[in-house]
S.K.: 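One structure, pasted below without further comment.
The structure presented is a predicted model; accordingly, all values stated were derived computationally and were not measured. Ligands are counted one by one from 1 in listed order, and the atoms in each one are counted from 1 as well.
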Amino acid sequence: MKLSALLGGLTIFPTPQSVPKFPALGPTATRSVRTNNMLINPPGHPPTPHINAVTTSSFNISDVQAEVLIVDAAGFKRQMNMVIPTISTVDIMLDTSTQPTATFNMALSQSGLDKLGIHDNLNDTIFSGGQFADAPNLAELTDTWVSQFKGTSIHGVYITASDASDSLMQQNSAVQTVLGTTISVVYSIQGQARPGDQAGHEHFGFLDGISQPTIEGFGTPLPGQAVVPAGTLLLGREQDLMTRPSWATDSSFVAFRQLKQLVPEFNTFANDHPASISGMSQAQAAELTQARMMGRWKSGAPVDLAPLFDDPALGADPMRNNNFNFSHPGFNLSSNQVHCPFSAHIRKNVPRTDLNPIDVGHHILRSGIPYGPEVTEVEQQSGQTMLERGLLFLAVQSNIGAGFQFLQKLWINNPDFVGPKSVKPGLDPIMGQISGSARFTIGLDPMDPEGNTTLPMQFVISRGGEYFLMPSLTALRHIINS
Ligand code: N7H
């Protein structure tokens, strides 16, 4: 199967050749051959060209995500028809010479599909109910949500992205010119890769975008990489167990979340709870605590392979940095947390050999980009967040109840998971939440791995989000021509 067919629903890009059809795009956008790669590819990420490179945080350095209300359905359809010929698929992004100067994606919520007169049952009740209605299942209080996410009034989201700010501005004005008054932007937020050697790292400092599933039959998996049937990510493909309208084949459901991160508070917590390894400096011991909360060092090196000290060369090596499974000869998998705590973020989300047989049904493809400014000197000194920053998080799957919602509800927020173990794991210390109640986790200190720690606050606060259908090109044509 062609890559573009496989991923048709995940990424849609205007090709450089056809970009002039966006009227407002300037000369840089018409450049037909790029000389620099639009995708940033920090050490530790899967090498490009690779499926993951276009679906992870390495995707671009800057983007704008605009939540929209469709005001004029007929006009929107007519104008989107002008955009369709400029849209191309993900394989365009794998070759520097065919990459556009700026990209454009569009995804639609259930209320957006309704507004456009698409009433076919997509067979995902979590998608059709919307994320606001799902908040109790995520154990989430919505008082911290951005007001526009409360309800079902967001019809769609468009995402424009580029590695150059002038191209991004041109692309945005082009979209506004083409879609004009057929839509109204009700909320928008800009993502931005962090500066210098922090590119590819999110605001806590961790390298993100290392571990992603790959699709069965699509090339050779990297060592340790999970292999999933196409239907785990794409509607209507092998092992997508639900019945879908045929036009929706190769589309995906996307869970978008705006996740605020309290970085100074996260650092203060680690400084107050340093691992008790003799001979370590306070800074090293605090760094170890954070690494055990994540299951990886900030360099990306997994604690399962580098349990006491960071190993940046390991973190930067995609042939080794995902090649672990939490089991070690001579150690009991049910009680060993010397290497990695049961509650670590990556172990809660992808338990590898903790589950037997190894799970293949709950994988998501993640795409995240940081938003907000760098931590200021004043915030660092005071230990208090004063400016909002965080992660714009996208989870891609064919079934939200088996993907994003399952992970958040049944693994991340579940103190008994993963079990049975010698001790109750507690919550994922990064993402676990129980409607504002006190949270506990275990295993932060390798010298007291069964020790229980109460977390003083959530270091990640949900600002809400929405569930969208990311249509394949065929699906998008169907939607706007129905
Ligand atoms: Fe997580 N982070 O950037 O610090 N995540 N995540 N995540 N996460 C992972 O493997 C992070 C969130 C998963 O295969 C890494 O790319 C942050 C949610 C899954 O071993 C890092 C937030 C959900 C994996 C982070 C956040 C997930 C994973 C390790 C919130 C799902 C793969 C680097 C602000 C509901 C695990 C890597 C595997 C890994 C970060 C949220 C899921 C560094 C800051 C909400 C499946």
Side-chain angles (χ1 to χ4, degrees), residues 42 44-46 52 55-58 131 134 137-140 194 198 200-214 221-222 224-228 232 254-263 266 290-291 293-305 315 318 321-326 340 344-354 358-360 362-372 388-397 400-414 427-433 458-465:
H45 276 195
N52 293 346
T55 53
T56 71
S57 54
S58 64
Q131 198 172 109
D134 202 29
N137 289 320
L138 307 175
E140 203 153 299
R194 294 189 53 220
Q198 289 302 293
H201 295 243
E202 50 62 65
H203 279 294
F204 287 146
F206 295 98
L207 181 64
D208 199 5
I210 301 169
S211 180
Q212 300 269 26
T214 190
L222 290 164
Q225 187 172 25
V227 180
V228 298
T232 303
V254 173
F256 166 70
R257 310 229 77 205
Q258 180 177 336
L259 299 169
K260 175 176 168 182
Q261 293 173 261
L262 303 186
V263 181
F266 182 65
Q290 291 186 332
M293 292 166 87
M294 180 56 69
R296 287 189 187 270
W297 296 87
K298 289 179 178 172
S299 70
V303 295
D304 201 46
L305 299 180
N321 66 12
N322 207 21
N323 196 15
F324 61 93
N325 61 21
F326 305 121
C340 182
H345 178 69
I346 63 161
R347 194 163 184 172
K348 279 282 200 179
N349 275 286
V350 180
R352 305 186 187 219
T353 47
D354 281 332
I358 286 182
D359 165 70
V360 287
H362 303 294
H363 284 280
I364 53 174
L365 211 62
R366 293 170 298 126
S367 171
I369 187 163
Y371 73 93
E388 179 165 348
R389 62 184 60 79
L391 191 66
L392 302 176
F393 174 86
L394 289 177
V396 173
Q397 62 267 286
I400 297 174
F404 165 73
Q405 196 226 43
F406 182 95
L407 294 181
Q408 185 70 56
K409 177 179 172 184
L410 295 170
W411 287 359
I412 293 175
N413 291 351
N414 176 0
L427 300 192
D428 168 349
I430 304 291
M431 262 322 294
Q433 51 194 20
Q458 289 193 201
F459 306 111
V460 175
I461 294 174
S462 171
R463 304 279 280 131

S.K.: Does F326 have R347 sitting over its ring (NZ/CZ under 6.0 Å from centre, angle to axis within 45°)?
M.R.: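 Because its charged atom sits under 6.0 Å from the ring centre and within 45° of the axis, R347 does stack over F326.
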S.K.: Drop me the distance from L259's CG to Q261's CD, to the nearest 0.5 angstrom.
M.R.: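 So the gap between those two atoms works out to 7.5 Å.
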S.K.: Give the atom numbers and elements of ligand 1 that come within less than 4.0 Å of a heavy atom of M294.
M.R.: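 Once the distances to M294 are compared, the set is 2 (N), 4 (O), 15 (C), 21 (C), 25 (C), 40 (C), 43 (C).
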S.K.: Do L392 and Q258 have side chains that approach each other closer than 4.5 Å (heavy atoms only, starting at C-beta)?
M.R.: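 SC-SC contact between L392 and Q258 confirmed.
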S.K.: Using a heavy-atom cut-off of under 4.0 Å, does the side chain or the backbone of R296 touch ligand 1, or both, or neither?
M.R.: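 Under 4.0 Å from ligand 1, R296 contributes side-chain atoms alone.
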S.K.: Provide the number and element of each atom of ligand 1 under 4.0 Å from a heavy atom of F206.
M.R.: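 Near F206, the atoms of ligand 1 are 4 (O), 43 (C).
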S.K.: With side chains defined as the heavy atoms from C-beta onward, is the minimum distance between I430 and F266 less than 4.5 Å?
M.R.: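 The answer is yes; the side chains approach within 4.5 Å.
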S.K.: With heavy atoms under 4.0 Å as the rule, classify the contact between H203 and ligand 1 as side chain, backbone, both or neither.
M.R.: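 For H203, no heavy atom sits under 4.0 Å from ligand 1.
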S.K.: Name the closest protein heavy atom to atom 13 (C) of ligand 1, giving the residue it belongs to and the distance to 0.1 Å.
M.R.: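 For atom 13 (C) of ligand 1, the nearest protein heavy atom comes out as R366 CD, 3.3 Å.
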S.K.: Drop me the distance from Q131's CD to I400's CD1, to the nearest 0.5 angstrom.
M.R.: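 With rounding to 0.5 Å, CD (Q131) is 8.0 Å from CD1 (I400).
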S.K.: If you have a sec, work out which protein heavy atom is nearest atom 23 (C) of ligand 1 and how many Å separate them, to one decimal?
M.R.: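 Scanning the protein heavy atoms, the shortest distance from atom 23 (C) of ligand 1 goes to F393 CZ, 3.4 Å.
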S.K.: If the cut-off is 4.0 Å to any non-hydrogen atom of M431, which atoms of ligand 1 fall inside it?
M.R.: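 Counting from 1, the qualifying ligand atoms are 12 (C), 18 (C), 30 (C), 41 (C), 45 (C).
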S.K.: So which bit of V460 gets within less than 4.0 Å of ligand 1, heavy atoms only: side chain, backbone, both or neither?
M.R.: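 The answer is the side chain.
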S.K.: Of all the heavy atoms in L207, does at least one lie under 4.0 Å from an atom in ligand 1?
M.R.: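 Within the 4.0 Å threshold, so yes.
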S.K.: For atom 31 (C) of ligand 1, which of the options N349, I430, I461 provides the nearest non-hydrogen atom?
M.R.: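 Considering heavy atoms of N349, I430, I461, the nearest to atom 31 (C) of ligand 1 sits in N349.
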S.K.: Hey, looking at atom 17 (C) of ligand 1, which of N413, V350, N321, L391 has the closest heavy atom?
M.R.: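 Nearest heavy atom to atom 17 (C) of ligand 1 lies in L391.
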S.K.: Report the C-alpha distance between L391 and R257 in whole Å, list the side-chain angles of each, state the deciding distance to 0.1 Å, and finish with yes or no for side-chain contact (heavy atoms from CB on, under 4.5 Å).
M.R.: CA-CA 8 Å; L391 191 66; R257 310 229 77 205; over 6 Å; no
S.K.: Answer with side chain, backbone, both or neither: which part of I412 has a heavy atom less than 4.0 angstrom from an atom of ligand 1?
M.R.: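 Contact part for I412 vs ligand 1: side chain (C-beta onward).
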S.K.: For a 4.5 angstrom cut-off between non-hydrogen side-chain atoms, does R389 reach K260?
M.R.: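 Not touching, per the 4.5 Å side-chain cut-off.
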S.K.: One residue to check: H345. Relative to ligand 1, which of side chain, backbone, both or neither has a non-hydrogen atom less than 4.0 Å away?
M.R.: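 H345 to ligand 1: side-chain contact only, backbone stays beyond 4.0 Å.
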S.K.: Looking only at heavy atoms, is any part of Q212 under 4.0 Å from ligand 1, and if so is it the side chain, the backbone, or both, or is it neither?
M.R.: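 The answer is neither.
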S.K.: Considering the heavy atoms of F404, write down every atom of ligand 1 situated less than 4.0 Å from one of them.
M.R.: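 Selected atoms, number and element: 35 (C).
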S.K.: Among G200, G209, G295, S211, whose heavy atom sits nearest atom 10 (O) of ligand 1?
M.R.: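 The option holding the nearest heavy atom is S211.
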S.K.: Quick one: nearest non-hydrogen protein atom to atom 2 (N) of ligand 1, plus distance?
M.R.: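 Atom 2 (N) of ligand 1 sits closest to the protein heavy atom E202 CG, 3.3 Å.
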S.K.: Just verifying a value: how many Å separate S367 OG and F256 CZ, rounded to the nearest 0.5 Å?
M.R.: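 Answer rounded to 0.5 Å: 10.5 Å.
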S.K.: Give the atoms of ligand 1, by number and element, whose distance to some non-hydrogen atom of Q408 is under 4.0 Å.
M.R.: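 Under 4.0 Å from Q408, ligand 1 has these atoms: 45 (C).
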S.K.: So D304 and R352, salt bridge (Lys or Arg N to Asp or Glu O under 4.0 Å) or not? Walk me through it.
M.R.: CA-CA 12 Å; D304 201 46; R352 305 186 187 219; over 6 Å; no
S.K.: Please walk me through it: do F404 and F406 pass ring pair (Phe, Tyr, Trp, His ring centres under 6.0 Å)?
M.R.: CA-CA 6 Å; F404 165 73; F406 182 95; over 10 Å; no
S.K.: Checking contacts here: is it the side chain or the backbone of I210 that comes within 4.0 Å of ligand 1, counting heavy atoms only? Could be both or neither.
M.R.: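 Both parts.
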S.K.: Taking 4.0 angstrom as the limit and counting only heavy atoms of R352, give me the atoms of ligand 1 inside it, by number and element.
M.R.: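 So the answer, numbered in order with elements, is 14 (O), 20 (O), 38 (C).
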S.K.: Could you tell me whether the side chain of E202 and the main chain of G205 form a donor-acceptor pair under 3.5 Å?
M.R.: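 At least one qualifying donor-acceptor pair exists.
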S.K.: Would you mind reporting whether F204 and V460 have side-chain heavy atoms less than 4.5 Å apart?
M.R.: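 Yes - at least one pair of side-chain heavy atoms lies under 4.5 Å apart.
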